[in-house]
Structures are given as structure tokens and as C-alpha cells.
2 protein chains.
Amino acid sequence: MNNIDTIIEHAEQNCKSHGSRLTTKRKQVLSLLAQTDKALSAYDLIDLFVKENGEKIPAMSVYRILDFLEAEHLVHKLKLANKYIACSHITCKHEHGVPQFLICSVCNAVKEITVNKSTINELNQSVEQAGFKLVSPQLEINCICNECLATAS
Amino acid sequence: MNNIDTIIEHAEQNCKSHGSRLTTKRKQVLSLLAQTDKALSAYDLIDLFVKENGEKIPAMSVYRILDFLEAEHLVHKLKLANKYIACSHITCKHEHGVPQFLICSVCNAVKEITVNKSTINELNQSVEQAGFKLVSPQLEINCICNECLATAS
DNA sequence: TAGCGAGATGTTACAACATATCATTTATGT
DNA sequence: ACATAAATGATATGTTGTAACATCTCGCTA
């Protein structure tokens, strides 16, 4: 059983365990996201979907499916890039904290990292001092990955 | 001389000092942004522009003007919200570092803060460990401002 | 097992954000 | 005053996302 199948399997269990359904379409979309480390836009997914499954899918459906997958914590929406990525912890058992993302602004590669708790706390202090409350410490940081950096130079 | 005029004055000097021109239109747009602590979209600005100046402005012009103002470091683009805000340091003399933004997801109020240098350094370490390079440590953080928090409860 | 109801998906239209391209106007130096 | 470059206008279109309503499908119950 390969990695993708494992992920889908876990995702399906995950959904079942609280009464939601990972339908065929949802599996297909999740599968597309799980097969890459790049962030994909909804319209990227529409194109990919046709290529992989030889079948069209409406924009509306993709957005609905992405909303569902996000609510299930199976994908993350990167607001900075208006793109989506599979959660890299689907097959983990432990509760995972709030993710931080590094987004390569050249190739859209995304890395989900865990920032030091203390760093986040410090950040939170700055926020509170300014009279705001953190909604979610999800950070999305514009970067260049080492590969693109090497290619460019 | 009120605060807005001071800002515009400074901005104009700023531009002059390296040979670019703060035209009337550009002043008008900057002025609209400087009069609020809310983040405004390009289309918000179009509407406001009509209201304030009784004269239409094409979307294309607004985007061009925003690009110009951004290049002059007079406004910042918040990618998280697809909105724009006047730089809060226009009238400062010192070189200001890369800004961090707290965006109220309810009312769009934005606060430009300066995060501890050491916090940013820690963040940068996490990034480098992951094999990425920070392009710009501009952070945009989803928050709720204390006012909206109070209203909601 | 037929059919009911909820949830999932399809269809169409459109709103909001953004840019490409080419035309016209305005400012500045000679 | 004129040539030139910069700024702005006009039109069309691309991209991202949602509203509203129709249809289909799955799982339950009679």
C-alpha cells in the first residue's frame, strides 16, 4: 500500500469516526493534493481533476469539497496564496498544533513547519500589547525554497 | 497643519528626493488611505475616491497608483486580505524595518507593529532549518481587535 | 424493497479582485 | 513651442470565489 493510499485510508477513518463521509469526489480531490508538495489553487485542481479522472468538475464543487476537507483538517487553505495543500499530518495519531507554512513564491512549494512554542508566545505578547487577540497563530511566510534559490543564481 | 497634510507633505518630499512624482491622483489616493486605520480594497478606494473628489477613477489607475505608492514604501499591501493600508511611518525619519501587521478579521482594522528582533530571528532559524529562505519577514496575522471582541461578547 | 429525507453534487449567473493592451493626456527639459 | 517620457484613461478579459436553485445519491425506515 503506497503513501497516498495510506493517507486516504487514514482520512476515511478520520471522517467515519465522527459521522462524515469521504465520498469519491472528496477522495479524488484529496488525493490530488496529497500527491504534491506544491500549493494548488481551486482552478489548478479543476484542471488536474480532468487530467487524472477524465471527468469535469464544477468550480462550485471543488470549493465545497475544499471547505469540507478543511473542516475535517485534512487540507489547509493558504490565504496568502489563495491555494490549498494537504495537511502533512493526516497519518499522525497525535493532535497537532496550529501549523506554520513556508511558501516558495517561485514554485509554490509549501513546507508545513512547527515553530518553537516560545517564539509563538513572544509573538503573541507583541500582539496583545497592540490591543489585538490572535485568532489563530497560523503563520504563512513568503520564502524561496533552496532549490529555486539555486536555480536563480 | 493637520496630520493628513503632514503625511502628504512628508510623502511628497520623500518622492522628490529620488526623482519620482507624487501627482494629484496619487496624493488623493494616499490621502484616502491615510485617513483611516482600516485596510481598504482597491474597489473600496474607487468608491471613496468618487465620494471625496466627485470624480471617477478607473480600476486600472487605482492599481497603478497603489503599485507606485507601494514601491515608494508609502502604502503596504496586505496579501492576506487583498487590501491596502498607508504606512504608519511615513512621517518618521528613521529607516523602519520590515513591518508586521495585525488584521482584525471582523472590522478590517489594521495595526502595524514591530515585533521583537529576536523573535524574528528565531522565526528565521526555523525557516532555514526547513530549507527555505525568508524573502521578507513581513507577517500578516489574523486577529480580532479588542473593540470587536468586546462588541461580540 | 420502495420511497422518504438529508446530504452531496450540478448548473447558471454573477460579484470581487486584478491585469493586458492600446489610446490619450500631461508634465518637463530644451 | 515642441519633443519626449511619464501618467492616466478606456475597454476587454482573466482569476478567484459565491449565491441560488435544481438534481442526484445514499442510507434509513416502513
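Numbers restart at 1 for each chain; the letters A, B, ... are given by sequence-line order, proteins then strands.
The main-chain N or O of Asn121(B) is never found under 3.5 Å from a side-chain atom of Asn124(B) such that the two would form a donor-acceptor pair.
Look at CG on Leu66(A): it is 15 Å from P on dA8(C), rounded to the nearest Å. One can place CE of Met60(B) at 13 Å from C1' of dG14(D), the figure rounded to the nearest angstrom. Spacing between atom NZ of Lys77(B) and atom C1' of dT19(C) amounts to 11 Å, rounded to whole angstrom units.
Only Arg21(B), Thr23(B), Lys25(B), Arg26(B), listed by number, bring a heavy atom of residues 17-29 of chain B to less than 4.0 angstrom from any atom of DNA chain D.
Residue Asn82(A) places at least one side-chain N or O closer than 4.0 Å to OP1 or OP2 of dG17(D).
Connection of Val62(A) to Tyr43(A) is established within a shared hydrophobic cluster, with ILVMFWY side chains joined at heavy-atom distances below 4.5 Å, either directly or through further cluster members.
Projected onto DNA chain C by closest heavy-atom contact, Ile57(A) and Ala59(B) fall at different nucleotides, the more 5' of which corresponds to Ile57(A). Of the residues near DNA chain D, Asp44(A) and Arg64(A), the one whose nearest nucleotide (by heavy atom distance) lies more toward the 5' end is Asp44(A).
Look at Glu140(B) and Lys83(B) and you find no salt bridge, because none of the NZ, NE, NH1 or NH2 atoms lies under 4.0 Å from a carboxylate O.
The base of dG14(D) has none of its N or O atoms less than 3.5 Å from a complementary donor or acceptor on the side chain of Tyr43(A).
The side chain to side chain contact (heavy atoms under 4.5 Å, CB included) with Leu102(B) is formed by just one residue from the set Leu139(B), Val110(B), Ile144(B), Ile141(B); it is Ile141(B).
Note: Glu9(A) CD to Leu22(A) CG = 11.0 Å, rounded to the nearest 0.5 Å. Between the CZ atom of Phe132(B) and the CZ atom of Phe101(A) there is a distance of 12.0 Å, given to the nearest 0.5 Å.
At the heavy-atom level, Lys83(A) lies nowhere under 4.0 Å from the strands shown.
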